[in-house]
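Right, one structure below, let's go through it.
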Amino acid sequence: MIKSAKIKTSHVTLLVLDGSNTLSFAAAVDPLRAANRQAGAPLYDWRFATPRDHPVMLTSGLSIPASPIHKIEQTDLLLIVAGFDLEAQSTPALSASIRRIASTGATIAGIDGGPWVMARAGILDGHQATCHWEDMENFAQEFPQVDLVNSRFQISERRLTSAGAAPAIEMMLHLVRTRHGGSLAAKIAATFIYDLATPTARPQTRRTALPHNALTARAHAMMEAALDSPLPIHTLARRLGVSSRALQVQFKARLATTPQAHYLSLRLAEAERLVTQTALPLQDVALATGFGSQASFARAFRAAFGKSATSARRK
């Protein structure tokens, strides 16, 4: 328990946009509640804010009562939780409110779609930031003045950005640790059964539920970084400091597949995402996922998903 004489309550505002992910919302606010409970002291108080004078609804159907952000005069920390329809919601009035709060010296943090809202407000210019891996290319094109980094969460002075809900927990634990020490952060992590030993500075990966070991995880990361220009397996092995045979053995033992098949599955997973979730021409999808010709891409896509890329996009 923290002695009362040392208590300095931090005032937090959670700006919640329509269509926010419920898990992202919980990842932002529940570590604050847990911090107060574990410390036995009001280290944080928080209030919710909305872009305009009407309630917003989370993806689960939960509603956040109206509390317009323009009425918030000052806060120590502004957490921006956002999900869908970000362009329409990032109005000039909302951006002005965010810039006004930033000008007071408040720390601003964005979760999930929050980095987009921050960037549109202009408060990430010249800062390092991250966003969800699916959106990195679009984010980089739209905001070239932001130094985009592939990380789970990113800290740049008084600007913090988180790529999604799970990294938001890590980001909030970091905030608690810097303000109140590692012991309290560890207690909160234990409450959530979260492993603090997991390194938080690692980059995002597209698939995290596989039983990797250190070698296959590094190979996986190198593959993801070169989906458009696939590296030969012997080149991967050399860069990893092992023989091609050793790499084959480790993939077979850990993932029950070969490095070649794993690499292809990563490329095809990205191809399916680009086909079904973007309007990128199919020829460009093929090039972005390392297929030298439209024909080879079409064959691989049909073999993997049982239908053509054109059919998948139409559906």
Side-chain angles (χ1 to χ4, degrees), residues 12-29 48-52 56-60 64 68-70 72 75 77-103 106-172 175 203-204 206 270 273-274 276-280:
V12 182
T13 300
L14 282 90
L15 171 61
V16 188
L17 275 64
D18 258 323
S20 293
N21 185 308
T22 307
L23 189 57
S24 296
F25 173 78
V29 70
F48 303 128
T50 54
R52 290 178 289 180
V56 298
M57 187 170 291
L58 307 183
T59 52
S60 63
I64 305 299
I69 185 68
H70 72 261
I72 302 295
T75 190
L77 170 64
L78 176 65
L79 292 169
I80 304 173
V81 184
F84 298 98
D85 199 22
L86 299 177
E87 186 171 359
Q89 295 190 77
S90 297
T91 62
L94 178 63
S95 293
S97 291
I98 293 171
R99 287 193 297 270
R100 174 179 55 79
I101 292 172
S103 70
T107 297
I108 315 291
I111 296 171
D112 201 356
W116 287 81
V117 179
M118 295 170 68
R120 287 199 169 104
I123 65 168
L124 287 180
D125 293 359
H127 287 276
Q128 287 190 328
T130 192
C131 68
H132 194 281
W133 63 264
E134 288 185 336
D135 303 321
M136 282 193 161
E137 184 175 352
N138 291 337
F139 190 102
Q141 290 177 355
E142 186 164 347
F143 307 112
Q145 64 275 32
V146 179
D147 183 5
L148 188 64
V149 179
N150 178 15
S151 58
R152 293 172 63 80
F153 74 91
Q154 191 66 32
I155 304 163
S156 182
E157 299 176 358
R158 293 183 178 272
R159 304 290 181 264
L160 290 83
T161 47
S162 170
I169 296 176
E170 300 167 4
M171 184 180 74
M172 298 305 293
L175 286 171
Q204 300 173 55
R206 291 166 171 79
E270 176 66 358
R273 184 187 73 83
L274 293 173
T276 59
Q277 299 182 31
T278 77
L280 197 67

Classify the ring geometry of F143 against W116: parallel below 30°, tilted from 30° to 60°, perpendicular beyond 60°.
perpendicular
Closest approach of [X] to [Y] (non-hydrogen atoms, all atoms of both residues):
X    : Y    : value
A49  : T13  : CB-CG2, 3.8 Å
T91  : A88  : CG2-O, 3.6 Å
S162 : F153 : CA-CB, 4.0 Å
S90  : S95  : O-OG, 4.3 Å
I64  : L58  : CG1-CD2, 4.4 Å
L15  : L17  : CG-CD1, 3.9 Å

Below 4.5 Å, heavy atoms only, C-beta onward: do [X] and [Y] meet side chain to side chain?
X    : Y    : answer
V56  : P51  : yes
L86  : R120 : yes
M171 : I111 : yes

[X] side chain to [Y] main-chain N or O, any donor-acceptor pair under 3.5 Å?
X    : Y    : result
D18  : M57  : yes
S103 : R100 : yes
R99  : A121 : yes
T130 : V149 : yes
S20  : V81  : yes
Q89  : F84  : yes

How long is the span from the [atom1] atom in [X] to the [atom2] atom in [Y], to the nearest 0.5 Å?
X    : Y    : atom1 : atom2 : value
L77  : R158 : CG    : CZ    : 10.5 Å
F48  : L79  : CZ    : CG    : 10.5 Å
M118 : L160 : CE    : CG    : 7.5 Å
N150 : L148 : CG    : CG    : 8.0 Å
M136 : N138 : CE    : CG    : 12.0 Å
E137 : C131 : CD    : SG    : 11.0 Å

Residues two or more places apart in sequence or in another chain: which of them pass salt bridge (charged side-chain N to carboxylate O under 4.0 Å, His left out) with R159?
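In terms of salt bridge (charged side-chain N to carboxylate O under 4.0 Å, His left out), with neighbours along the sequence ignored, R159 is linked to no residue.
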Within 6.0 angstrom of E142 CD, more than 12 heavy atoms from elsewhere:
yes
Who passes side chain to side chain contact (heavy atoms under 4.5 Å, CB included) against Q277, sequence neighbours left out?
E134, R273
Can you name the one residue among I98, I101, T75, T50 that meets side chain to side chain contact (heavy atoms under 4.5 Å, CB included) with I69?
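Between I69 and the candidates, side chain to side chain contact (heavy atoms under 4.5 Å, CB included) is satisfied uniquely by I101.
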